[in-house]
Structures are given as C-alpha cells and as structure tokens.
A.B. asks: 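The structure under discussion is supplied below as structure tokens; questions concerning it will follow.
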Protein chains: 2
Amino acid sequence: MRNNSFDNVPESIVGRLASYHRCLKNAASTGQTVIKSSDISKLCGIKATVVRKDLTHFGEFGIKGKGYNIITLSSNIEEIMGLNTEKKVILIGAGNLGTALLKYPGFSGANFKFLAAFDIGAEIIGTSINSVPILHIDKLGAFLKSNEVQIAILTVPSQEAETIASQLHNCSIKGILNFTSAILKSDDGKFYIRNIDLSKELEVISFCMKKCLKNKEEK
Amino acid sequence: MRNNSFDNVPESIVGRLASYHRCLKNAASTGQTVIKSSDISKLCGIKATVVRKDLTHFGEFGIKGKGYNIITLSSNIEEIMGLNTEKKVILIGAGNLGTALLKYPGFSGANFKFLAAFDIGAEIIGTSINSVPILHIDKLGAFLKSNEVQIAILTVPSQEAETIASQLHNCSIKGILNFTSAILKSDDGKFYIRNIDLSKELEVISFCMKKCLKNKEEK
DNA sequence: TAATGTATGTGAAAGTTATCACTTTCACTT
DNA sequence: AAGTGAAAGTGATAACTTTCACATACATTA
C-alpha cells in the first residue's frame, strides 16, 4: 500500500508533515521511543484523525494499539520531504531578518547547510554570523558557479528582490524562499518559489480577532 | 447582497484579502484610481476569477466593464479586516527577528501602532528601535495595566514562549502572533493565537523542490 | 441613443480536504 | 493461549474551495 511516488501531495499535508517532524525531533530528544497520534495532536495542535490520515497517505508507519516508533516515523518523514540529503543554502541580505534566520535554531536540525550570506554593507563583509561567512553581493555569481547551491533565501529590501532573483538563473538553485513583500513568479518554472509575507500575518490576525470577538458576543 | 456579518469567512480568503490590500496600497501610491481583477491577479499572483469571487463574498465593489475603484475597494477591505481602527501592538523579544519586525515597512502602513518592545538585554533597555522604546520585561505587567494593547508579537526564544504567553492573560490583548516554534494554544479561547514557524518553510520548500524536479523528469 | 466591447458577478459543477464511524491489528494481561 | 484494551488504518460522507461558462451591467464611441 506504500506510495513511493508522492505525486500530487497537497501542500496542506506537506506543511503538517514539517510540524510532525519537529515534534518527533523534540520527542526523540527526551528519550521517548514511541508516540501516539493523539500525542502528536496535542503537541502540534492538529487533530489526531488528520495526523493519521496524513501519514497513511505515504504508508503504514504505525503499530496498531501502540503508536508510532519515533525514529522510524521521523526518518520516513525525512525521506518523504527530501530532508535525508543535505541541502546547501545561501542567504541574500544579511540585515536583521537575514541575521535572525542565520541564527534560527530550527534550520540546522533539518539538514540545511548555510554556505554563505551575501550583503552590501561594508562593515559586515568578511565577518560571519553563526559561522556563516558574509560575502559581498558582487561575489554571488562566482560563488554560484563554484558551489552547488540548492536553495536561496531572499531577505533583501523588497524593491531589490526582482534584480537579485534574476541573478539566480542558470545555476544549481532549485528553490527560493522569498521574505520580501515582492511577489516573485517562477516565469520559466525552473525553480520553486515560496513567498512569505510577514506583514500579511498582522492583517490576518486583525481580521481573526474581530471575528473571534463577534462570535463570542453571539454566544 | 452585501454581507455585513462576515461570519464563517475561510482563512484562505482572509490571507488573500491582505494581499489585495497591499497591492491596492501600492497601486494607489502611483496615482492610479481604477484597477481590474486581472491587474490584481498579476500583481498578487492569484487568479482573476479567485479575486472576484473573494470580493463578492463581502459585497459588490466593482463597476462592470471598468474595474474597481482603488480607494473604495481599499477602504472596504480595511473595514472588513478591521484595519480601519488603529491596533495597538507590543513586541516581546527584541532580538534579530524582533528588530526586523519593528523595522518592517509593511506594518506601519496598515494602521498598526507599536507602543513598546520588551526584552531582558541590559544593553538595549532604554534605547529604541524605529522610535519604539525598549523596556525591561519586568515592566510588562504594569504596562499592560495602563495601556490598551490589542496585539502581542512573540519573538522570544521558544522555550520561554509559554511563560510569556501566560503573562498576557487578564488584560486587553486579543491576539498573539507567535514566531517561536512553540505551539501556543488558546486554552480558554480568550484570544486568537497565530503560530508562525519560519523553519517549517525551509522543510516545505525542500519537499516542493523534490516534487518539482520529479514532475519535470516525467514530462 | 443605440451598439459594442469589456470586465464584474453568479451559480453550478468539479475537485479538494476534513470528518466520522467503523474495522483491523497489535500488545499486554491473566 | 484466549481475551481485552488501545490505537492505527479505511472508506464513505460531508464540508469546503476552486473553476468554469455564462449572464449582467456599465462606459465609451459613433
């Protein structure tokens, strides 16, 4: 019943898989060996039936009446998500957000290797953040030629996003994580682009708060 | 046909409304007065039929054969999302991510007013970032008593998220934007919590890249 | 003022995703 | 070794979202 192709996996499931993965890593670090879908549910804030449905989409990883072996499930998820091979990452724009991401504890645990960060600020070129060297943006092209980078993270000012993105063609980069508010489009479909708009979150919370309060009044 | 209650609005629509809003703000700043759904589509990367369907959920804002009046549509979206009244915001944890958010250009444009940021770092207490004063976390309780804060943004280390969140009860706060990898739950339903996990994004992109490449090979 | 082009709005259908009740299987107990 | 409890897996159903084809109405032009 195991599905080895993983075609047509909805993004909703993928996002949750990432949550399960972190949750399993945390559980593993406490010495726990088995975990129930109801435990994952509590830890991730996702219903247990959804957890099970998601996992059965890829295979049968559990032991009925007992739960899931944490190590086994974790490595299965890693395989599914492509986390079992190291991904080489660069970051472009070492401002506050960029620096925050370089220091983010979650990244190192998931087989992502930051090779370098790029910026234009003379005072930081040559230094390093969390052992990742900061290079001048002028060196980007040459760096991409001599290194097999798979992912680029964009944390430059929005108005520069397009220009920088155009420099990422014709190299080994397959994915772009765009934290600028510019919407980048993968015109030729050569890479996968993920746009993340942080300021959107505040607007969404504004609406949801309004809704929450209204619903409460009605009750 | 106008729906004034806005109950049961799917979150998918809310997220897109925020995108439309930014897009309209940008368009307005160029002096443009009318915009078509196909224009919004290009700018936001969302299909024109979806744009129209989303908007009709709340009313009829367009002029057939012409498009949408930017000012009118923008203020309608602001009303729908609760952006027409100023929201008072505090930020807890003025590290790199916190600083990045305080400096984020998108926030100020959407009627969010940062009153203060809180931290424990002696060297930054008393200073300010982007005109937002940094106070010691010890002052949080008193501050919340004397200020009508609606939203708290959490950018503290994950292990401290729970502790800090527990201090936000019994005050005017209605929404929490949680950037730590801890999953906070609104146990009593008193506020709306939005968990944002940045490291999840890298894992998701890892899977999607894998899928993209596979699909390409098949073609 | 009538005709025409254009873009919105609408309702049904298709496609996704989540839910629920139920079955299956394993491990543990006695 | 049989029985019991507990949790995974399953398939049908329901709920939600997106898509599509088409109807509608506005504005502009002749």
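To find a chain, count down the sequence lines: A is the first, B the second, and so on, and within it residues start at 1. What's counted below: heavy atoms across the whole structure, side chains too, no hydrogens, waters or symmetry copies.
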A.B. asks: Scan residues 11-20 of chain B for pairs that pass salt bridge (charged side-chain N to carboxylate O under 4.0 Å, His left out), counting only residues two or more places apart or in two chains.
C.D. replies: B:Glu11-B:Arg194, B:Arg16-B:Asp54
A.B. asks: Tabulate protein N/O versus nucleotide N/O from nucleotides 27-30 of chain D, keeping only pairs under 3.5 Å, one per line.
C.D. replies:
none

A.B. asks: Please give, in whole Å, the distance from D:dA8 P to A:Ile70 CD1?
C.D. replies: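 These atoms are roughly 12 Å apart.
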A.B. asks: Should the heavy atoms of other residues, nucleotides or ligands under 6.0 Å from CD of B:Glu86 be counted, would the total exceed 12?
C.D. replies: yes
A.B. asks: To the nearest Å, how far apart are A:His57 NE2 and D:dT10 P?
C.D. replies: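 In whole Å, D:dT10 P and A:His57 NE2 are 12 Å from each other.
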A.B. asks: Closest nucleotide of DNA chain C for B:Thr49 versus for A:Ser12: which of these residues is on the 5' side?
C.D. replies: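 Going by which nucleotide is closer to the 5' end, it is B:Thr49.
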A.B. asks: Looking at every strand, decide which applies to A:Ser38 at a 4.0 Å heavy-atom threshold: base, sugar-phosphate, or nothing.
C.D. replies: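 Nothing: the residue A:Ser38, judged by heavy atoms under 4.0 Å, touches no strand.
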A.B. asks: Please tell me which of the listed nucleotides, C:dG9, C:dT8, D:dT17, lies nearest to the side chain of B:Pro10?
C.D. replies: D:dT17
A.B. asks: Can you see whether A:Ser74 engages A:Asn76 through a side-chain donor-acceptor pair at a distance of less than 3.5 angstrom?
C.D. replies: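 No, no side-chain donor-acceptor contact under 3.5 Å.
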A.B. asks: What's the CD-P distance between B:Glu60 and D:dA23, to the nearest Å?
C.D. replies: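 Atom-to-atom, B:Glu60 to D:dA23, this comes out as 18 Å.
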A.B. asks: Is any side-chain heavy atom of A:Ile90 less than 4.5 Å from a side-chain heavy atom of A:Ile173?
C.D. replies: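 A side-chain contact under 4.5 Å exists here.
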A.B. asks: Atom CG of A:Asp54 to atom P of D:dA8: distance rounded to whole Å?
C.D. replies: 13 Å
A.B. asks: Tell me the interatomic distance from B:Lys36, atom NZ, to C:dT8, atom P, rounded to whole angstroms.
C.D. replies: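 Result: 8 Å.
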A.B. asks: Decide yes or no, distance alone: a donor-acceptor N/O pair under 3.5 angstrom between the base of D:dT18 and the side-chain of B:Lys53.
C.D. replies: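 Answer no: no donor N or O sits under 3.5 Å from an acceptor.
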A.B. asks: Side chain of B:Arg16 only, please: which of D:dT10, C:dG9, D:dT18 is the nearest?
C.D. replies: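 Of D:dT10, C:dG9, D:dT18, D:dT18 is nearest to the side chain of B:Arg16.
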A.B. asks: Less than 4.0 Å between a side-chain N and a carboxylate O, is that true for B:Lys25 and B:Glu78?
C.D. replies: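 Judged by the 4.0 Å cut-off on N to carboxylate O distance, B:Glu78 and B:Lys25 do form a salt bridge.
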A.B. asks: Can you check the B:Ile13 CD1 to D:dC16 P distance for me, whole Å?
C.D. replies: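 It is 12 Å, rounded to the nearest whole Å.
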A.B. asks: Tell me the interatomic distance from A:Phe61, atom CZ, to C:dC26, atom P, rounded to whole angstroms.
C.D. replies: 17 Å
A.B. asks: Around A:Glu148, counting heavy atoms of other residues, nucleotides and ligands shown, do more than 12 lie under 6.0 Å from its CD?
C.D. replies: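 Atom CD in A:Glu148 is not packed in, count stays at 12 or less.
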A.B. asks: Is the phosphate of C:dT19, meaning OP1 or OP2, less than 4.0 Å from a side-chain N or O of A:Lys47?
C.D. replies: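 Yes, A:Lys47 has a side-chain N/O under 4.0 Å of OP1/OP2 on C:dT19.
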A.B. asks: D:dA8, OP1 or OP2 - any side-chain N/O from A:Ser37 closer than 4.0 Å?
C.D. replies: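 Yes, within the criterion.
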A.B. asks: Walk me through it: do A:Ile46 and A:Ile40 pass the test side chain to side chain contact (heavy atoms under 4.5 Å, CB included)?
C.D. replies: CA-CA 8 Å; A:Ile46 296 166; A:Ile40 299 178; over 6 Å; no
A.B. asks: Could you tell me whether the phosphate oxygens of C:dG9, OP1 or OP2, come under 4.0 Å of any side-chain nitrogen or oxygen in B:Tyr68?
C.D. replies: yes
A.B. asks: Can you measure A:Asp39 atom CG to D:dA8 atom C1' for me and round it to whole angstrom units?
C.D. replies: 13 Å
A.B. asks: Would one find a side-chain N or O of A:Arg52 under 4.0 angstrom from OP1 or OP2 of D:dA8?
C.D. replies: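 Checking A:Arg52 against D:dA8: at least one side-chain N or O falls below 4.0 Å of OP1 or OP2.
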